[in-house]
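Convention: sequence-line order gives letters A, B, ...; per-chain numbering from 1. No experiment lies behind these values; they were computed from the predicted model shown.
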There are 2 protein chains.
Amino acid sequence: MNFQLRKQHLLATLEQHGSLEVTETARQLQTTPITIRRDLAHLAAKGLLVRTHGGAVRPHVANAPVAFHRKAAANLAQKEHICRLAAAQIADGDTIFIDCGSTTFPLCPLIRHRKIRVVTNSLPVLFELAGSAVQVVVAGGEVDAERQAMHGLVAVEQLRRYQVDKAFLGVDGLSLRRGLSANSEQEASISLAAAAAARHVYLLCDASKLERDKYFQFAPLSLVGTLVTDPAAPAALVAQYREAGLLVLV
Amino acid sequence: MNFQLRKQHLLATLEQHGSLEVTETARQLQTTPITIRRDLAHLAAKGLLVRTHGGAVRPHVANAPVAFHRKAAANLAQKEHICRLAAAQIADGDTIFIDCGSTTFPLCPLIRHRKIRVVTNSLPVLFELAGSAVQVVVAGGEVDAERQAMHGLVAVEQLRRYQVDKAFLGVDGLSLRRGLSANSEQEASISLAAAAAARHVYLLCDASKLERDKYFQFAPLSLVGTLVTDPAAPAALVAQYREAGLLVLV
DNA sequence: CCCAATGTAATCACAAATAAACAATAACGA
DNA sequence: TCGTTATTGTTTATTTGTGATTACATTGGG
């Protein structure tokens, strides 16, 4: 009984029942709990399941639609700092794109009164700016309830039709060697489409994400025009990003 | 039975019923109230529900447009009656279109738990159904802040790409002689596009709008398959609409 | 207004699951 | 043959989840 066979069994069980228990599975596979736990740790690292105490569940079960404003609380101070820097880059009359995600969202209260046009695929951004001075344009298509945004073919296709002055993108990971990375191919494709439609790309990325790669690498560093981060970013690292050709705002 | 599975059950119950009770849920899940309370505390911290004394309720995600609710108050009882009739026409697995407007909006709470796909250009509908069991598809494009909906070329074009089983349209006026009329060309073009994409068109129209023409006539009566109205509609008038070839639900 | 009934928070206790360090084993190539 | 490496199992200390007990808060009638 090797890892491959166990992995097969684990995933099949999860697929069937939605969950599994470590001790029970260990008994079935004639092995010890520690081995099962190590297997589960591997699979969890690949995102194929989510660990619980005593077992595991299918990924989508655990990823309940997290209320947006709560999630945004993580690193909120840094994100607000970043958004203040970003908002200062916006001129009246601009057409900008705002990505979905908790990093870019704090931009909204800062630009409600501005005479600009905002293109977005994010529901929270839409809700926040609807009824403000801003002219909002929405990328349509299927709603991804979990991410509170529109994703998919139609959204990407529609974004391609707009030309925007500045795109403000979030990202899940960024590194000098591997560029931009995301937890979801869907988000990545939206980011790519928005970047392609923009004259200048601003990447809003708090320091905790610098030099952190996520599972899906989707673009080189050169996609980005300006990196906007916070003072927690090490000065040496900022210098390296500047050497790599990026403008960096701290 | 671990936390993840209980959480699943708790959120599903909330989604379906709108509320739950601690003791009742503890009994169902074969555990103690204290455990359920701790689970609820976790989920409440994430904003996924709101604690009450003895249970929990769904968070009112609808930080929804106030203006909309105010307008919706007119003839609300009639509109709810109409929407109940309309909801009964929807089968699991259907893809439906829901028009913007106060008449069609009360459909939303009636279909939150249904396994259907909803195409819409209405922001209130989107807000109400985001995060429910329904798969929402949004027509993109420029947001019309006043009408809280997406209108214009892009939205119409995108609607044309979808094929829906049933379209539930609102209208500002309806008459035997002049057909459907609206206060806005924008809304009319959306209605036309949705009707063209639908296998069957339901027109939701309370009795106060029957035999009332508005300034922009945009379609003949024959566009409509079924007229859904309320008991305030004169029986003679209902008979005339039936003679004109419409199915009428009262 | 008070009182009983019910729900809740706080503390403790216990069992199960876990992580960490270490040991055993097998596979592999030089 | 040896040493290296990957995999699995063992032991022990720690963490986590759960339930019991008690004291306190909230609710809804007299």
Side-chain angles (χ1 to χ4, degrees), chain A residues 1-67 69-71 73-75 173 183 208 212-215, chain B residues 1-60:
Chain A
M1 179 59 68
N2 62 30
F3 173 61
Q4 290 301 332
L5 291 175
R6 286 198 309 274
K7 165 178 159 182
Q8 228 177 319
H9 182 272
L10 293 171
L11 293 177
T13 306
L14 266 190
E15 196 53 49
Q16 280 191 310
H17 297 92
S19 68
L20 60 77
E21 284 166 30
V22 170
T23 50
E24 168 67 11
T25 311
R27 209 180 44 72
Q28 281 173 17
L29 298 185
Q30 312 263 6
T31 179
T32 54
I34 181 66
T35 300
I36 298 299
R37 275 198 292 274
R38 284 197 268 241
D39 291 348
L40 293 180
H42 276 119
L43 296 172
K46 288 204 229 167
L48 296 173
L49 52 80
V50 173
R51 281 305 315 269
T52 65
H53 197 85
V57 295
R58 278 210 302 263
H60 79 267
V61 171
N63 295 341
V66 172
H69 53 284
R70 297 291 173 186
K71 184 182 168 193
N75 294 325
N183 284 323
S208 71
R212 290 266 190 285
D213 289 319
K214 291 300 158 68
Y215 104 97
Chain B
M1 178 59 68
N2 62 35
F3 170 61
Q4 292 295 341
L5 295 176
R6 285 197 308 275
K7 166 175 153 184
Q8 215 182 329
H9 182 273
L10 293 172
L11 292 177
T13 306
L14 267 189
E15 192 52 50
Q16 282 191 312
H17 298 89
S19 68
L20 59 79
E21 284 167 29
V22 170
T23 50
E24 168 66 11
T25 311
R27 209 179 45 72
Q28 281 173 15
L29 298 185
Q30 313 260 6
T31 180
T32 54
I34 178 71
T35 300
I36 297 299
R37 276 198 290 274
R38 283 196 270 241
D39 290 347
L40 293 179
H42 274 121
L43 296 173
K46 288 206 236 168
L48 296 174
L49 52 80
V50 174
R51 280 306 313 272
T52 62
H53 197 84
V57 295
R58 268 207 319 255
H60 211 254

Task: Pair listing, ring-ring contact (aromatic ring centres under 6.0 Å, His included) test, anchored in residues 25-44 of chain B, at least two apart - done: B:Phe3-B:His42
Open item on the list: I need the residues from residues 26-43 of chain B with at least one non-hydrogen atom less than 4.0 Å from DNA chain C; give them sorted by number, or say none.
Closed with: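 Going residue by residue through residues 26-43 of chain B, the ones with a heavy atom under 4.0 Å of DNA chain C turn out to be B:Arg37.
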Task: Degree of bending in the helix from C:dC1-D:dG30 to C:dA30-D:dT1 once both end axes are built from five pairs, to 10° - done: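 That helix has its two terminal axes inclined by roughly 30°.
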- [ ] Taking all non-hydrogen atoms of both residues into account, name the closest pair between B:Pro33 and B:Ala26 and its distance.
- [x]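 Smallest interatomic distance, heavy atoms only, reads N-CB, 3.7 Å.
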Open item on the list: Ignoring hydrogens, what is the shortest heavy-atom contact between A:Gly173 and A:Lys214? Give both atom names and the distance.
Closed with: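 Looking at all heavy atoms of both residues, the closest pair is N-CG, 4.1 Å.
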Mind checking side chain to side chain contact (heavy atoms under 4.5 Å, CB included) for [X] and listing every partner two or more places apart, or none if nothing turns up?
X: B:Ser19; result: B:Val57
X: B:His9; result: B:Thr13, B:Thr25, B:Gln28, B:Leu29
X: A:Gln4; result: A:Asn2, A:Lys7
X: A:Asp213; result: A:Ser175, A:Arg178, A:Ser181, A:Gln217

Task: Opening and closing nucleotides of DNA chain C in contact with chain A, under 4.0 Å to non-hydrogen atoms - done: C:dA17 to C:dT18
Task: Straight-line distance of B:Leu14 CG to B:Leu49 CG, nearest 0.5 Å - done: 5.5 Å
Task: Test side chain to side chain contact (heavy atoms under 4.5 Å, CB included) applied to A:Leu20 and A:Leu40, step by step - done: CA-CA 10 Å; A:Leu20 60 77; A:Leu40 293 180; 4.2 Å; yes
- [ ] Using the test salt bridge (charged side-chain N to carboxylate O under 4.0 Å, His left out), find all partners of B:Arg38 that sit at least two apart in sequence or belong to another chain.
- [x]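 Not a single residue meets the salt bridge (charged side-chain N to carboxylate O under 4.0 Å, His left out) criterion with B:Arg38.
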TODO: Check salt bridge (charged side-chain N to carboxylate O under 4.0 Å, His left out) between A:Arg27 and all other residues, then give those that pass, not counting sequence neighbours.
DONE: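 For A:Arg27, the residues satisfying salt bridge (charged side-chain N to carboxylate O under 4.0 Å, His left out) (neighbours in sequence not counted) are A:Glu24.
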TODO: Give the B/S/- string for nucleotides 23-30 of chain D, one per nucleotide from 5' to 3', where a protein heavy atom under 4.0 Å of the base yields B, of only the sugar-phosphate yields S, and otherwise -.
DONE: ---SS---
Open item on the list: Could you tell me how far apart B:Phe3 (CZ) and D:dG19 (C1') are, to the nearest whole angstrom?
Closed with: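 Answer to the nearest Å: 17 Å.
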- [ ] Kindly write out the residues that satisfy side-chain hydrogen bond (donor to acceptor under 3.5 Å, both in side chains) with B:Arg6, not counting sequence neighbours, or none if the list is empty.
- [x]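 Residues passing side-chain hydrogen bond (donor to acceptor under 3.5 Å, both in side chains) with B:Arg6: B:Asp39.
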